[in-house]
Amino acid sequence: MLPRAGAMDAFIRFTNQTQGRDRLFRATQYTCMLLRYLLEPKAGKEKVVMKLKKLESSVSTGRKWFRLGNVVHAVQSTEQSIHATDPVPRLCLTLANLNRVVYFICDTILWVRSVGLTMSINKEKWQTWATRHYYYFLLLSLVRDLYEISLQMGRLAHDRAMREKSSQNPFGYSLADEETEWLQSFLLLLFRSLKQHPPLLLDTVKNLCDILIPLDQMGIYRSNPGIIGLGGLVSSVAGIITVAYPQMKLKIL
């Protein structure tokens with residue numbers, strides 16, 4: 001009974017947060033997109049597809065309300081990233097968050113246009129700017145993730161080299177062995193690095209899935225709605241985890 005009550009309390013705390021509600025709406029939006037893509041080729045599913053399309057549109061519109069205050073949050077994130085000790089994450093995160101600020105400003109202007117407060121706004125121009133700065137934000141965030149992964153892999157490789165040196169293996173490895181096994185060693189190091197640092201894994205997966213959206217919108221890499229829907233759903237689940245469990249969010253050191 002207590003674990004159930006604890007889970008319910010955690011769910012209530014999660015839904016009480018604006019970011020938590022936005023993640024749930026986002027997961028619903030991309031689930032609808034994925035289901036719509038899967039059902040469209042099937043006969044007799046036209047009504048279901050139309051309902052999913054309407055729900056997806058309604059949820060997307062509702063999410064804009066949750067994002068109205070995100071400009072302030074993005075500015076605060078920029079101020080925090082300036083104080084990072086490592087210069088590479090400091091540069092990447094500061095530039096990323098500045099692009100995020102511009103993205104939310106563009107998003108707010110688009111919201112003003114969508115609710116009809118003014119019709120003089122060029123929707124296509126502001127949408128292009130929003131997509132471009134969202135892409136820059138994700139790209140810089142991924143650079144930071146790759147840098148963190150390289151650091152973790154370097155530490156693991158150094159520890160393994162020290163262990164092998166201390167074991168004093170008389171046989172060692174030939175050059176041919178090294179050439180054939182480097183890929184296996186690289187993948188093993190990558191797997192162990194991400195396994196030992198779940199926040200880094202979640203952040204990398206989330207940014208990789210999210211970047212498919214602006215890549216498609218900008219025409220850099222075209223994807224179908226099924227791939228975008230699946231990527232958006234996976235990213236949303238990763239975001240839900242980081243909101244529900246703050247210790248799973250990648251920290252700024």
Side-chain angles (χ1 to χ4, degrees), residues 10-39 49 51-74 76-77 96-97 99-111 113-115 126-127 129-142 145 198-199 201-218 221 223-246 248-250:
F11 178 76
I12 292 173
R13 287 195 303 271
F14 174 80
T15 53
N16 281 338
Q17 300 181 59
T18 302
Q19 285 189 344
R21 292 193 294 270
D22 177 61
R23 296 298 191 278
L24 288 175
F25 271 57
R26 191 176 192 268
T28 303
Q29 175 186 347
Y30 285 106
T31 299
C32 290
M33 181 184 291
L34 177 60
L35 291 176
R36 181 165 56 86
Y37 174 79
L38 295 174
L39 293 175
V49 170
K51 288 181 179 179
L52 287 171
K53 191 173 183 178
K54 289 180 180 178
L55 179 58
E56 179 187 337
S57 177
S58 299
V59 171
S60 177
T61 302
R63 285 186 60 218
K64 292 185 182 297
W65 289 92
F66 297 131
R67 296 204 300 264
L68 288 179
N70 282 349
V71 174
V72 177
H73 181 266
Q76 291 176 341
S77 298
N97 285 317
N99 278 282
R100 191 162 170 252
V101 170
V102 178
Y103 163 71
F104 283 130
I105 291 174
C106 295
D107 192 61
T108 302
I109 293 173
L110 287 169
W111 174 82
R113 169 70 166 74
S114 67
V115 298
W126 285 98
Q127 184 63 59
W129 286 354
T131 302
R132 186 179 301 161
H133 286 286
Y134 183 50
Y135 169 69
Y136 294 153
F137 161 69
L138 292 171
L139 189 63
L140 288 162
S141 298
L142 275 173
D145 289 333
L201 172 61
L202 281 175
D203 197 70
T204 304
V205 169
K206 182 171 69 67
N207 290 327
L208 281 173
C209 291
D210 278 341
I211 205 169
L212 293 173
I213 301 170
L215 284 176
D216 179 74
Q217 293 175 344
M218 296 170 66
Y221 179 78
S223 301
N224 60 55
I227 294 176
I228 294 176
L230 179 60
L233 177 58
V234 172
S235 170
S236 300
V237 171
I240 288 172
I241 293 174
T242 57
V243 174
Y245 303 96
M248 297 297 290
K249 186 175 181 180
L250 189 61

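We use all heavy atoms of the structure for the numbers below, so side chains are in, but hydrogens, waters and symmetry mates are not.
- Within the model, atoms CD1 of Ile211 and CD1 of Ile213 stand 10.5 Å from one another, a figure rounded to the nearest 0.5 Å.
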(request) Kindly determine whether Ser236 and Gln29 satisfy side chain to side chain contact (heavy atoms under 4.5 Å, CB included), including the steps that lead there. (result) CA-CA 10 Å; Ser236 300; Gln29 175 186 347; over 6 Å; no
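- The list of salt bridge (charged side-chain N to carboxylate O under 4.0 Å, His left out) pairs with a residue in residues 28-37, not counting sequence neighbours, reads Arg36-Glu40, Arg36-Glu56.
- Residues Leu250 and Leu202 are not in side-chain contact: their nearest non-hydrogen atoms beyond the backbone lie 4.5 Å or more apart.
- Rounding to the nearest 0.5 angstrom, the gap separating the OH atom in Tyr30 from the CG atom in Leu230 is 12.0 Å.
- With sequence neighbours excluded, the residues that form a salt bridge (charged side-chain N to carboxylate O under 4.0 Å, His left out) with Arg63 are Asp22.
- Annotation: side chain of Arg132 is not in contact with side chain of Cys106 (no heavy-atom distance under 4.5 Å).
- Atoms CG and OG, on Leu208 and Ser235 in that order, are 10.0 Å from each other to the nearest 0.5 Å.
- Between Trp129 and Trp126, the ring planes lie perpendicular to each other; the angle is over 60°, past the 30° to 60° tilted range.
- Formation of a donor-acceptor pair under 3.5 Å by the Ser77 side chain with backbone atoms of His73 is found in this model.
- No side-chain donor from either of Ser223 and Asp216 sits under 3.5 Å from a side-chain acceptor of the other.
- Met33 has its side chain out of reach of Tyr37: every pair of non-hydrogen atoms, C-beta onward, lies at least 4.5 Å apart.
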(request) Would you check, one step at a time, whether the test side chain to side chain contact (heavy atoms under 4.5 Å, CB included) holds for Leu55 with Val59? (result) CA-CA 6 Å; Leu55 179 58; Val59 171; 3.9 Å; yes
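- In terms of modelled atom types and a separation under 3.5 Å, the side chain of Ser57 and the main chain of Lys54 share no donor-acceptor contact.
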(request) Check step by step if side chain to side chain contact (heavy atoms under 4.5 Å, CB included) holds for Gln127 and Arg113. (result) CA-CA 11 Å; Gln127 184 63 59; Arg113 169 70 166 74; over 6 Å; no
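- Considering Asp210, Asp107, Asn99, Val102 in turn, Asp210 is the only one that fulfils the side chain to side chain contact (heavy atoms under 4.5 Å, CB included) rule with Tyr134.
- In this structure, CG on Asn224 lies 10.5 Å from CG on Leu212, to the nearest 0.5 angstrom.
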